Amino acid sequence: MSKFNEMNGLTVHTADPSARAERMAAILDGLTPTQAEAAMLQGAVLVLAGAGTGKTRTLTAGVASRIALRGVPPARILAVTFTNKAAKEMADRIRGMLVGESVPSWVGTFHGLGARQLRIEPEVAALRPGFDILDADDSKRLVKRTLKAMNVSPEDAGDGSDPLKQLCNRIGKFKDNLITPDEAPARVEAMIAQAKATHGTIDPIGMRLAARIYIEYQRRLREANAADFGDLLLWPTKTMQRDEAYRRRWADRFDCILADEYQDVCYVQYAWLRLLAADHGEIFVVGDDDQSVYSFRGADITFIRRFEHDFPSSRQVRLEDNFRSTGHILAAANAVIAQDKKRLGKTLRTTKAVGEPIEVVGFHNAEGEAAGIAAEIRRRGSAGVSWDQIAVLYRSNHMSRGIEEALMRSRVPYVIVGDVGFYQRAEIKDALALLRLAARPDDFQSDEAFRRVCNTPPRGIGPKALEEIHLEAAFRGVSLLQSVETAKLPPKARVAILSFVDAIRSVGRNDTGTLADQISLLLDRTGYREMLRASRAEETEDRMENLQELVTLAGSFHNAADLLDHAALASAAPGEATEGRVQLMTLHKGKGLEFPHVFLPGWDASTFPSTYGDHDEERRLAYVALTRGMQRVSITHVEYRRGFTRPSCFIDDIPAANRVMGWLHSQSMKSPRPVGISSRAFAELDTLELLRRF
Ligand code: ATP
Ligand code: MG
């Protein structure tokens, strides 16, 4: 161990050698020498290694060692990853390695940390303190209203099958590529010219319109004192580029920057990290170019390949031992990714036994497939596998429904880990809208919340009455809720909505109760709970339970603003229990995670590779899928799904020696065959690169 000490010139901040040894052991024990060495390296470090080689583990050891051994104050470390689940996992692992020190508070997702930076200095985005964060749904609604106000029909805005979605994507891409509204028109013109010159494809009308709408949409966001997800990093990053004093203020806060899953950063994330690390060059990133699966969102593999160029004095570390998967699984994954001709290529060998071959099971149709998976899961449950050791990973969200139903019928408890999580449920959004109104009834930024709940339960506020309220609000220059008092409304509607406003205001004024009490009171006084109770819909019970869960959750927040922020950024309830449940999620959500038993449905040509995706990226996704499995991986496919189909080409890429047809338990099992920056301001993206991303 003293070797690391000398090598890195460590200033270990404890005089007691035995205490130091204990700390070191807590952090580095169980790591390989290469991992331990990497964790302790100073300066710019890139750990570029395959799946399951301990990249995340090395990164967390890196954080802990900086605190406990190098004496870096936890508050001066920033560590970032992509999903809330991964961020929580990261914080837990760090906590587990530290004795007596606190976990850094700047551990989180890109969105979450960007939001924090923006909260501290909101004026860089022309926002005021206390701004709202709109989730993807709310921002889509605002885009729609912007179109209406500009007299543009969504059909004029794009050439895809869902033009509104396409428009939102384009606005998101401007932001992910660090293009502000005032820059957008010129950048679009440059892209169009570039496309012409290089015979590239572009939708000039749709793109020009997107740039125009972007400007108006952003104006409306500001007016409502709201930020969308893209704003959370766009404005801090843009301002760091433009304003050196601001950049220094932020860069000076942190002594080191660490990022997991670096292969999936998009331009704005990349620029944000670089600008923060520009002065000290203490940047530790880990990633695997074979697992890059977000190019459709602007992620770019070239950023990881460019790391050495960005930080010329950087050190690169390779890890080659996979600690996760057994032999057959790893051999299958290696064979699938080997077909990607453009990859850099790396060695990956298992440290585990050869294990079981991959099962490939065919079904007639999707229903049969779901039932087959559920039955097999039940069977493994009876054989002693606990539910939470099992995951089902599918290509796209809609596939969860059939599997859910089959699991329900088989009485297997499950949880969906994913986008449409707790906070996206209608009743939760309604309750939070009530809370927002109560907290800030007279703010314009509460208008969206008002629109959401003013007629739930029905109070006679149809489109016409709402239009009237809008006109009154515009005329008086007040919030929608405030304008209700004087708006010309039919008498019955007027009585109903005034009593609603009264309930909101009286709960909002009363600040003696807890946040939980407030939510509960709002649900009662506005008739929301009563409405649910009276409905005989099948999901009523679920919805009541969800509301109860929200009330309980509210207990851990100081005030309404904290809870509202958290809800906008979280995809699932913090305590969403995965214990004792089979986990269902998309392949994308499964990145970085691992499970002893993995089921991969939909490996047929109709579904995977997806015809919408880039073929290489789909292949990398197959690699991610296979490498989630620790002991057992089971692939299923169907003959018929919206038409006849055939097994996925990725199945053919798995060597015959590593797979069997049908469930293992039904084989006449013979033993399986053996397996063999320093520049701180850098140029904007060039137009050709930009064109590639749209
Ligand atoms: P991915 O590419 O999927 O993100 P990763 O490279 O980040 O994977 P980890 O999740 O850090 O890999 O580690 C994979 C598994 O291997 C974990 O269960 C981890 O605890 C274990 N592991 C990592 N390093 C070692 C080691 N030196 N000895 C034993 N187990 C290890
Ligand atoms: Mg990882």
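In each ligand, atom 1 is the first atom listed, and ligand 1 is the first ligand listed. All heavy atoms count here, side chains included; hydrogens, waters and symmetry mates do not. Predicted, not measured: the structure shown is a model, and the values here were computed from it.
With hydrogens left out, the protein atom closest to atom 10 (O) of ligand 1 is R324 NH2, 3.2 Å, a heavy atom. The nearest heavy-atom contact from the protein to atom 16 (O) of ligand 1 is F323 CB, 3.2 Å. Protein heavy atom in closest approach to atom 2 (O) of ligand 1: K55 NZ, 2.6 Å. Of the protein's non-hydrogen atoms, Q35 NE2, 3.1 Å is the one closest to atom 24 (N) of ligand 1. Protein heavy atom in closest approach to atom 11 (O) of ligand 1: R57 N, 2.9 Å.
Distances from atom 26 (C) of ligand 1 to the heavy atoms of G30, G54, G50 put G30 nearest. Closest heavy-atom approach to atom 17 (C) of ligand 1 among the candidates E89, E594, Q291: E594.
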Yes or no on side-chain contact (heavy atoms from CB on, under 4.5 Å) for I416 and M585, after CA distance, side-chain angles and deciding distance? CA-CA 6 Å; I416 298 192; M585 68 192 88; over 6 Å; no
Could you walk me through whether V80 and L78 pass the side-chain contact (heavy atoms from CB on, under 4.5 Å) check? CA-CA 7 Å; V80 68; L78 182 151; 4.3 Å; yes
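Taking the ring centre of F323 as origin, the terminal cationic atom of K352 falls outside the region bounded by 6.0 Å and 45° from the ring axis.
To the nearest 0.5 Å, the span separating CD1 on I283 from CG on L46 amounts to 10.0 Å. Annotation: the span from R70 atom CZ to I77 atom CD1 amounts to 8.5 Å, rounded to 0.5 Å. Interatomic distance, NE2 of H665 versus CZ of R380, reported as 8.0 Å (0.5 Å rounding).
In this structure, F650 has its ring center under 6.0 Å from that of H615. Ring centroid separation for the pair F311 and F307 comes in under the 6.0 Å cut-off.
Assignment of L31 to the shell around ligand 1 is supported, since a heavy atom sits closer than 4.0 Å.
By the 30° and 60° cut-offs, the orientation of the rings of F82 relative to Y294 is parallel. The aromatic rings of W272 and F110 sit perpendicular, their planes meeting at an angle over 60°, well past the 30° parallel limit.
Every atom of ligand 1 is numbered from 1 in the order shown, and the set under 4.0 Å from a heavy atom of R93 is 10 (O), 11 (O). Residue contact check: T32 has heavy atoms under 4.0 Å from atoms 27 (N) of ligand 1.
Within the 4.0 Å heavy-atom criterion, both parts of T53, backbone and side chain, lie near ligand 1. In R628, the part holding a heavy atom less than 4.0 Å from any atom of ligand 1 is the side chain.
Of all non-hydrogen atoms in I337 and R343, the two that sit nearest each other are O-CD, 3.2 Å. Residues S400 and Y394 come closest through the heavy atom pair CB-OH, 3.3 Å.
Near the Mg ion (ligand 2), less than 2.8 Å away, sit the protein N, O or S atoms T56 OG1.
Here's the thing with G592: none of its N/O atoms is less than 3.5 angstrom from an N/O atom of ligand 1.
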